[in-house]
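Bear in mind that the values here come from a model prediction, so they are computed numbers and not experimental data. To find a chain, count down the sequence lines: A is the first, B the second, and so on, and within it residues start at 1.
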Amino acid sequence: MWLKLEQRPEPSRTMRYLSPLLAVALMVASGMLLFHFLGKSPIESFKVFFLNPVQDKYGIAELFLKATPLILCAVGLAVGFRGNIWNIGAEGQLLIGALAGGGLALHFHDSQSVLLLPAMIAAGALGGMVWAAIPAFLKTRFNANEILTSLMLVYIAELVVSWLVHGPWMDPDGFNFPQTRLFHEKALLPIIVTGTRLNAALLIAIGALIVGWIFMNRSFAGYQMKVAGQAENAGRYAGFSARRTVWIGMLVGGAMAGIAGVSEVAGPVGQITEHISPGYGFAAMIVAFVGRLEPIGIFFSGLLMALLYMGGEQAQQYLNLPYSISKVFQGLLLFFLLCSDVFITHRLRWKK
Amino acid sequence: MQPSLLSAVIFATLVAGTPLIITALGELVTEKSGVLNLGAEGIMSIGAVAAFAVTVHTGSPLLGVLAGMGAGMAMGLIFAVASLTFMANQVASGLALSIFGVGLAAFIGKPYESQALPSREAINVPLLHKIPVLGHAFFEHQALVYFSWALLAAVAWFLYRSRTGLVLRAVGEAPVAAHSVGYNVVRIRYMAVLFGGAMAGVGGAFLSVFYTPLWVEGMVAGRGWISLALVVFATWRPMRVMIGAYLFGGAMITQMFVQGSGIHLNIPAQFLSALPYAATVIVLVLISRNKNTIRLNSPASLGQPFSPEA
C-alpha cells in the first residue's frame, strides 16, 4: 500500500486557505521537535518563543511595530508576485528607501517643518522605486533575469549603506561609530500608543493594505497583472503589455519597500546604521506567500512573522539559543507552505 | 607587472573562482535536467558550516569536505521533495531553500564563530610547479582546485559523451517525450538535483575549510547567487562556466590587490567590494540582451514542474 497524489478535478478553495494554517502547524510542530533535540523542554520553549513576546501591552505594541515594515514590503511584493514578477530584492529597496528618507532628515536636521516627515516618506518611496527600476529596466530592455539582478542590488545597497555610515554621513560627534547622528523629533514618526514604540507607520501599512486590496481586486491594472501571472499567453492575446506588468510589479514593490525603510529609520532605529533591517525584505516574501498574496492574509501573516522575530529574541535571552533560530522558523514555514499547497490541486489516495 | 605579482594574481584568481566553478557546474547539471534550483546560496552556507564543524572536530579536511557534500545533498533532497514530489513552484522552493539554509547555517555555526582552522599545505604538482611564474600560479594549489578542473572535464564528458547524460538532457528539453519512451523523469531529476546539491556543498566547504579558513555568518556572501548567474552567463556550457568563474574570481580579488599593491586609490573599500555584484548584473545584461541566445541555449523545460500522470 502506498499513498499516492492524485489530481483533483478542480482546485480546492478550502485547501487554498487551509494550507497556510497547516504550514503554521507543521512549523510549530517541527520547531518543538527542534527544541527537544536541543535539550530544551518543548512546552517551555513554546511558551518562551510564541507566548512570552506578547504577554503585555508593550509586547503587543512591539508585535505591530515589527509587523509594519513586513506588511508594507509584502503588499508591494504581492502585486509583483501576482504578475509572476520575481522581485526578490526588497531588502535592497528598503535600504535605499531608508537612505533617501533618512538623508533628507540629516540634510534638514534643524528644520522644524511639519512637511519634513511626509517628504521623507515620499523620498523613501522614490528611493525604493529607483532601486527597483534598475532590474525593471534591465528586464524590459535587455531581458535580464530580475531574480538575479534584484538580488545583486541587495548586496550593493548594503555596501552603499556601509560606505555612507563609515564615511560621508558618519556622526561627527559619534566617537567613530558607524552610524549617523540621531534624527530630531520632527523627523521621527509620531508614537500612536503612549508608553510603547508603536508609531504612525502602522497606519500607513493599514492604508497600504486597503489600497492594495482595491488595486488587486477592483482595478483593471490589477486584473491585467493577475492574468499576466496566471496565464501568460491569455494576457498576451488580450493585448496586455508584458512590459507594463514588469514595471508596475517592480515599482510598486520598490515604493512599498522604500516606505518600510523610512518606517524603520524614522521609527525604532531613529538614525541610519548598518543594522536598519534584520532581513525584513526577505521575510516579507514569506509573508506575501503565506498571506496568499492577498492583503487580509498578509496582515495576519505579517503579525505571525513579527512574532517569529520576537520569539527569536526571547529564545536568545531565555533559552540561550542563537537569534538566527527565527530565520530557521521562517524558512521552515515557507517550505511547509509550498508543500501543503500541493493539496490545493491534488489529494492523497491509497494505491495498492 | 612584476612576475611575482602576476603569479600571485593568477593564483588568487584561480582560488577565488574555484567554489564558483564547483557550485555552478553542479547547478548546470541540475538545470540541464529542467530543474531551476535557486537555493545554491543556502546549500553553500550549509555545506560551509557542516564542513567547518566536522573539520574542527576530526581535524580532517577530507572528512570535512565529505560532510559538506553530504549536507549539500540533504539540502538538495529537501528541495527535490518540495519541487519534484510536491510539484511546488521551483522559484519559490529555491528561495525557501536559500532563506532556510542561510538561517540554519547561522544557527548551527554560532558556537564555531570564534574558531579558526590551520591553513592547509598546498599540493604541488611534481615538476610543473617549478616552472617560473606559472608554476606557483597553476600548480601549487589545494586539492579542490584540481578537483574543480577534473569536475569540469567529467561534467562535459557526462553531458555530451555519455548515454546517461544524453537522457538527462532529453529530460530537460522534452520531459513529456522522455517520459513516453519510458524514462523516469522524476527520478532522473532527483539525481540531478542531488548532484547539484552535493557540488554546492563542496563549494561551500572549500570556502570555510580552505579559503578563509573560518566560519562567519554570511560568509558565502552571494557566491551561490553569482554561481546561478554564471550558468546563464555560460549559456549552459561547462567550459564557459570556468571562464566566467575566473572572471568573477578576478573581480573578487581586485580589492585585495589594490589594497596590497600599495597603489593609493581614493576609492572607498565598499566600492571595490561591490565589484563582483555589479559585474554579475552587467554580465547578465550582456548575455541576455539577445533573446535568442537564452532561448536557444537554456533547457526548454527549465523551471516547469512535471507530473507523470498529466
Side-chain angles (χ1 to χ4, degrees), chain A residues 4-7 34 81 84 86 88 134-135 138-139 141-145 147-164 166-168 279 282-283 285-286 289 321-343 345-346, chain B residues 36 38 41-42 78-79 81-83 85-89 91-111 217 221-222 225-226 228-229 232 268-274 276-281 283-291 293-294 307 309-310:
Chain A
K4 195 180 179 319
L5 283 170
E6 181 191 82
Q7 194 143 21
L34 176 68
F81 289 167
N84 257 343
W86 294 96
I88 65 170
I134 302 172
L138 299 179
K139 169 88 178 179
R141 177 73 181 75
F142 298 110
N143 191 34
N145 182 316
I147 301 176
L148 293 170
T149 51
S150 66
L151 190 93
M152 286 298 123
L153 287 166
V154 174
Y155 292 101
I156 297 177
E158 283 173 353
L159 289 162
V160 173
V161 173
S162 165
W163 165 60
L164 287 173
H166 279 98
F282 293 111
M285 293 192 281
I286 305 176
F289 285 125
L321 293 171
Y323 176 59
S324 37
I325 191 165
S326 61
K327 296 245 165 77
V328 177
F329 275 89
Q330 291 175 10
L332 283 175
L333 178 61
L334 182 51
F335 258 119
F336 287 132
L337 177 81
L338 294 169
C339 289
S340 316
D341 274 355
V342 78
F343 299 112
T345 50
H346 291 69
Chain B
L36 178 65
L38 291 180
E41 183 79 7
I78 297 176
F79 175 79
V81 169
S83 68
T85 302
F86 287 95
M87 287 170 279
N89 180 308
V91 173
S93 310
L95 288 176
L97 196 69
S98 273
I99 295 173
F100 175 68
V102 171
L104 185 63
F107 182 73
I108 298 171
K110 203 76 197 171
E217 186 180 341
W225 295 104
I226 292 177
L228 292 172
V232 180
Q270 287 90 351
F271 284 37
L272 294 171
S273 304
Y277 308 117
T280 305
V281 174
V283 151
L284 278 171
V285 166
L286 291 179
I287 208 75
S288 315
R289 202 174 35 162
N290 185 346
K291 272 195 178 168
T293 321
I294 299 292
S307 165
E309 56 175 299

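Comparing A/L148, A/T149, A/L321 by how many heavy-atom pairs each has under 4.5 Å with chain B, the most go to A/L148. Contact count against chain A (heavy-atom pairs under 4.5 Å) is highest for B/I78 among B/I78, B/T85, B/N290, B/V102. Ranking A/M152, A/R141, A/H166, A/K327 against chain B, the residue ahead of the rest is A/M152, based on heavy-atom pairs under 4.5 Å. Of the listed residues (B/A82, B/P111, B/A92), the one with the most heavy-atom contacts under 4.5 Å to chain A is B/A92. Counting heavy-atom pairs under 4.5 Å between each of A/N145, A/I156, A/L153, A/V154 and chain B puts A/I156 at the top. Between chain A and the options B/N89, B/L286, B/V232, B/I294, the largest number of non-hydrogen pairs under 4.5 Å is found for B/N89. Chosen from B/V91, B/L228, B/V281, the residue pairing most often with chain A at heavy-atom distances under 4.5 Å is B/V91.
The two residues B/F107 and A/P322 have their closest heavy-atom pair at CE1-CD, 3.5 Å. Of all non-hydrogen atoms in A/S324 and B/A106, the two that sit nearest each other are OG-C, 3.4 Å.
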request  = Before giving the answer on side-chain contact (heavy atoms from CB on, under 4.5 Å), spell out for A/M285 and B/L95 the whole-Å C-alpha distance, their side-chain angles and the decisive distance to 0.1 Å.
outcome  = CA-CA 9 Å; A/M285 293 192 281; B/L95 288 176; 4.1 Å; yes
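For B/A105, no part lies under 4.5 angstrom from a heavy atom of chain A. Using a 4.5 Å cut-off between heavy atoms, A/I147 contacts chain B through its side chain alone, with no backbone atom that close. In this structure, chain B has no heavy atom under 4.5 Å from any part of A/I134. Interface residue A/W86: only side-chain heavy atoms are found under 4.5 Å from chain B. Only the side chain of A/L151 comes within contact range of chain B, judged by heavy atoms closer than 4.5 Å. Proximity to chain A is absent for every atom of B/I287, based on heavy atoms less than 4.5 angstrom apart.
Judged as a salt bridge (charged side-chain N to carboxylate O under 4.0 Å, His left out), and not counting sequence neighbours, the contacts of A/K139 are A/E146. Not a single ring-ring contact (aromatic ring centres under 6.0 Å, His included) links A/F282 to another residue, sequence neighbours left out.
Side-chain contact check for A/N143 versus B/R289: every heavy-atom pair is 4.5 Å or farther apart. Residues A/H346 and B/M87 meet the side-chain proximity criterion, which asks for heavy atoms closer than 4.5 Å. Inter-residue side-chain proximity for B/W225 and A/Y155 is flagged as met; some heavy-atom pair is nearer than 4.5 Å.
One distance of note links CG of A/L159 with OG of B/S273; it measures 5.5 Å at 0.5 Å rounding. Rounded to the nearest 0.5 angstrom, B/F100 CZ and A/I286 CD1 are separated by 11.5 Å. Distance check, rounded to the nearest 0.5 Å: CZ of A/F343 to CZ of B/F86 gives 5.0 Å. For the atom pair CG of B/L38 and CD1 of A/I88, the computed distance is 6.5 Å after rounding to the nearest 0.5 Å. In this structure, OG in B/S307 is found 9.0 Å from CG in A/L5, a value given to the nearest 0.5 Å. One finds the CD1 atom of B/I99 at 11.5 Å from the CG atom of A/L332 (value rounded to the nearest 0.5 Å).
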